[in-house]
Every structure is written in structure tokens, then in C-alpha cells.
Trainee: 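Below you'll find the structure I mean.
Quick note: numbers below take in every heavy atom, side chains included, and nothing from hydrogens, waters or symmetry partners. Counting convention: from 1, in listed order, for ligands and their atoms alike. Throughout, residue positions are numbered sequentially from 1 according to the sequence presented.
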Amino acid sequence: MLKPIQIKEDLYYIGVNDRTKALFENLWPLPKGVSYNSYLIVDQKTALFDTVDICYSDIFLQKLETALDGKELNYLVINHMEPDHSGSLRLLKTKYPNIQIVGNKRTADMVSGFYGITDGVLVIEDGEQLSLGKHNLVFYLTPMVHWPETMMTYETTEKMIFSGDAFGTFGTLDGGITDKQLHPERYYDEMVRYYSNVVGKFGSPVQKALQKLGHLEINYICSTHGPIWTIPEQISKVISIYDKLSKYEGDEGVVIAYGSMYGNTEQMAETIALELAQQGIKEIILHNTSKRSHSYIIRDIFKYKGLIIGSPTYNNKLFPEVATLLAKIEERDMKNRYFSYFGSYTWAGAAIKRIAQFAESTNFEIIGTPVEMKQSMSLETYDACIALGKTMADRLIQDR
Ligand code: FEO
């Protein structure tokens with residue numbers, strides 16, 4: 001028999017850990033796995049908040065049955081329809097056919113489209129309430145965080161927010177479920193990676209959601225991934241992480257992401273990095289775009305204000321891995337970055353022109369003079385890289 005975890009009176013954690021999947025959304029690496037969180041409130045009426053990935057339906061349904069302890073399951077509140085959370089819906093409905101599925105009209109459309117379920121769906125409006133007895137739920141529609149149906153559900157008695165993906169992290173829950181039971185520091189970088197990879201394009205809707213919920217007193221943040229946040233300082237911290245990321249605000253530091261086939265272009269990156277350090281910049285992160293998953297490069301680009309891209313010319317275009325990375329940056333509508341670039345070629349230069357086109361499509365502040373190298377590092381190229389590093393450092397230091 002699998003037992004749920006009682007978080008507090010009336011609240012059970014019914015989530016599961018995925019240590020098997022290699023890539024989240026078949027895109028983003030999961031070296032530390034991921035949890036799919038589901039919660040149950042047991043009151044006069046019972047309400048489940050989201051389900052889990054279909055691969056874990058059996059474990060999930062067993063835990064749910066134990067938590068219900070013979071009671072009827074009255075409601076499933078769907079805060080988010082992406083299948084890592086809605087995947088067990090069809091099996092849940094088969095097991096509990098009288099359940100009322102609670103969501104907004106966009107949710108109802110997806111419940112029908114993904115799972116063919118059209119009966120027993122209770123469509124709620126923004127701000128509508130639902131009483132479970134002692135516990136009262138208020139639904140806040142927060143569209144495009146990061147799907148159109150996304151919403152958050154606030155429980156008014158204990159002041160708990162069921163936030164969907166918001167404030168979620170990669171990383172399994174290895175015993176500890178709440179922040180009081182674990183070292184929260186372990187999850188912060190994975191929160192930034194989750195946000196930047198999955199939600200990153202939607203800074204403006206996230207800002208709107210934060211403003212909409214800003215007046216609420218919150219004692220518990222129950223996200224669909226990662227720990228439950230309960231410590232007041234941790235709650236403030238995770239909200240401030242989301243606030244900062246969704247405003248595209250970076251810390252002092254520079255990401256240098258480059259492609260290099262034989263190490264020549266890499267020498268340009270190294271030279272720029274040396275000068276940045278010489279000028280007192282301590283957070284300098286070099287990413288070889290062929291070796292490092294772009295998931296981590298994007299995470300770091302969200303973390304730091306300075307961004308420098310370098311590429312060799314390949315087939316009269318950008319180096320393919322650099323081109324892919326630039327597309328991912330563009331897709332996320334990145335803002336507020338200081339941007340510099342460098343490139344190289346052997347017989348005909350194209351990379352630098354392509355990065356210049358990319359730069360024009362952003363609202364980045366262009367820093368320094370781009371450096372173009374023919375074949376290998378000359379003294380002239382070296383000096384130009386040093387000048388680029390110095391100009392970037394000066395710009396960052398101005399903001400101190
Ligand atoms: Fe965790 Fe948007 O799914």
C-alpha cells in the first residue's frame with residue numbers, strides 16, 4: 001500500500017518523483033529528475049489539485065485512494081493542463097466517474113480535446129469561489145503562465161496557494177517535501193532553469209499574475225514541481241526570484257557563449273574573459289555551445305546582465321550550435337542585456353554579420369566594437385578582444 005504524505009491537517013501531498021525521464025518536454029535535461037506534485041484537501045468535500053504524468057498514474061492513484069480513506073472524491077481542480085499534470089486525468093475519471101472537474105473555459109476545451117471528457121466539467125470565472133466546508137477556494141485566472149488556461153487557486157483559511165508551474169523547480173523531492181525539511185539552496189538554480197527554459201518567453205504575463213496576487217497573504221506555496229514553500233523568508237525569496245526573472249533583470253556578470261571547432265574562436269572568448277576578470281568582474285561563465293546543454297546556457301543568460309556571443313563561420317553561416325542558441329534567446333524575447341559579439345572565418349566571413357542581424361532584432365544595448373578574426377589570433381585581434389572585455393566591464397561597473 002502506498003501512503004500519501006500529510007503536510008498538515010486536511011492537506012495531503014499526492015505527488016510523485018520522476019528519476020527516469022532524460023528530458024523534460026523532451027527538450028530540457030533532468031539530471032536531478034523532477035517531481036510532479038498533486039495535493040488533496042479533505043474537508044466536507046474533497047478536492048484534488050492537478051494530477052501527475054501518466055507514467056506515474058498507478059502510484060498516484062494508490063496514494064490518492066489511501067488519502068481519501070473511503071471518502072468520495074468530489075473535485076479535481078485543474079490549474080494547468082500540460083500533460084505532466086493532466087496525464088492521469090482519463091484514469092482518474094474512470095476510477096472516480098462522479099468527480100467534478102473544475103477549470104476555466106480554456107481548461108474545458110483542453111479537457112475535451114486531450115481526453116475526450118465533456119461531462120462533469122465545472123467552468124469557473126476569474127475570482128469565483130468554491131467552498132469545501134472549512135476551506136474556501138478562490139480561483140485566479142493567470143493566462144499564459146505559460147499556457148492560456150493557467151490559473152492559480154487560493155485557499156483562504158490556511159492561506160495556501162496552489163500555483164501550478166509557477167514557483168516550481170526541477171529536481172526530485174528526496175524525502176523532504178516542504179522547505180523546512182530540506183536545504184532550499186539546492187533548488188534555486190533549478191528554479192531559474194525551469195523558469196528560463198519553460199516559462200521564459202512569458203515575462204509580461206508572469207508580471208501580471210504577480211501583480212494580481214500581490215495582495216494575498218500566503219503561508220504555503222504549493223507548486224506542481226519541487227518543494228512546498230512555507231518559511232516566510234523562502235516565500236519572499238521565491239516570489240522575488242520570479243519577479244526578477246520576469247522583468248528580465250540580471251545580476252552583475254557575463255555569459256560568454258561560443259562555438260569553436262578547433263579552439264581558435266575559443267581563444268577570443270578566453271581573452272575577453274581574462275580582461276573582464278582583470279577589471280573586477282567575478283561572475284564570468286564561458287559556455288561551449290557544442291558541449292553544454294543550451295538549457296544551462298539559457299539559465300545563465302537569465303541570471304546575468306552581460307552577454308557575449310562568439311561564432312566561427314560555418315558553411316557561410318553561423319556555427320550551427322550558436323545559431324540554435326540565438327534562436328532560443330530570440331524566442332524568449334530576452335530584454336535588458338548588455339551585448340557584445342565576436343566571430344571568425346578562414347576564407348570568407350559570415351558569422352559576425354549574422355550575429356549583427358540578431359543583435360538588431362533585439363533591444364539589447366550593444367557594448368564595444370565587435371571583433372572579427374581571420375584564421376587565428378593575431379596581436380591586433382588580441383588587443384581588440386581586450387578592448388571588448390574592458391568596455392563590457394566598464395558598462396557593468398557603471399551600474400554598481
Ligand atoms: Fe509542469 Fe507547464 O508543465
Trainee: Near atom 2 (Fe) of ligand 1, meaning under 2.8 Å, how many protein N/O/S atoms are there?
Mentor: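 N, O or S atoms of the protein closer than 2.8 Å: 4.
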
Trainee: Looking at His225 versus His85, is the centre-to-centre ring distance below 6.0 Å?
Mentor: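 For His225 and His85, the ring centres are under 6.0 Å apart.
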
Trainee: Please tell me if the side chains of Val206 and Tyr195 come closer than 4.5 Å, counting only heavy atoms from C-beta onward.
Mentor: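 In contact.
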
Trainee: Is a side-chain N or O of Asn219 found less than 3.5 angstrom from the main chain of Glu158, in a donor-acceptor match?
Mentor: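 Side chain of Asn219 to backbone of Glu158: a pair is present.
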
Trainee: Looking at the rings of His294 and His287, which for Trp means the six-membered one, are their centres under 6.0 Å apart?
Mentor: no

Trainee: Are Phe358 and Phe339, when compared by the centres of their aromatic rings, separated by less than 6.0 Å?
Mentor: yes

Trainee: Roughly how far, to the nearest 0.5 Å, is OG1 of Thr381 from CD of Gln267?
Mentor: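 Rounded to the nearest 0.5 Å, the CD-OG1 separation comes to 12.0 Å.
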
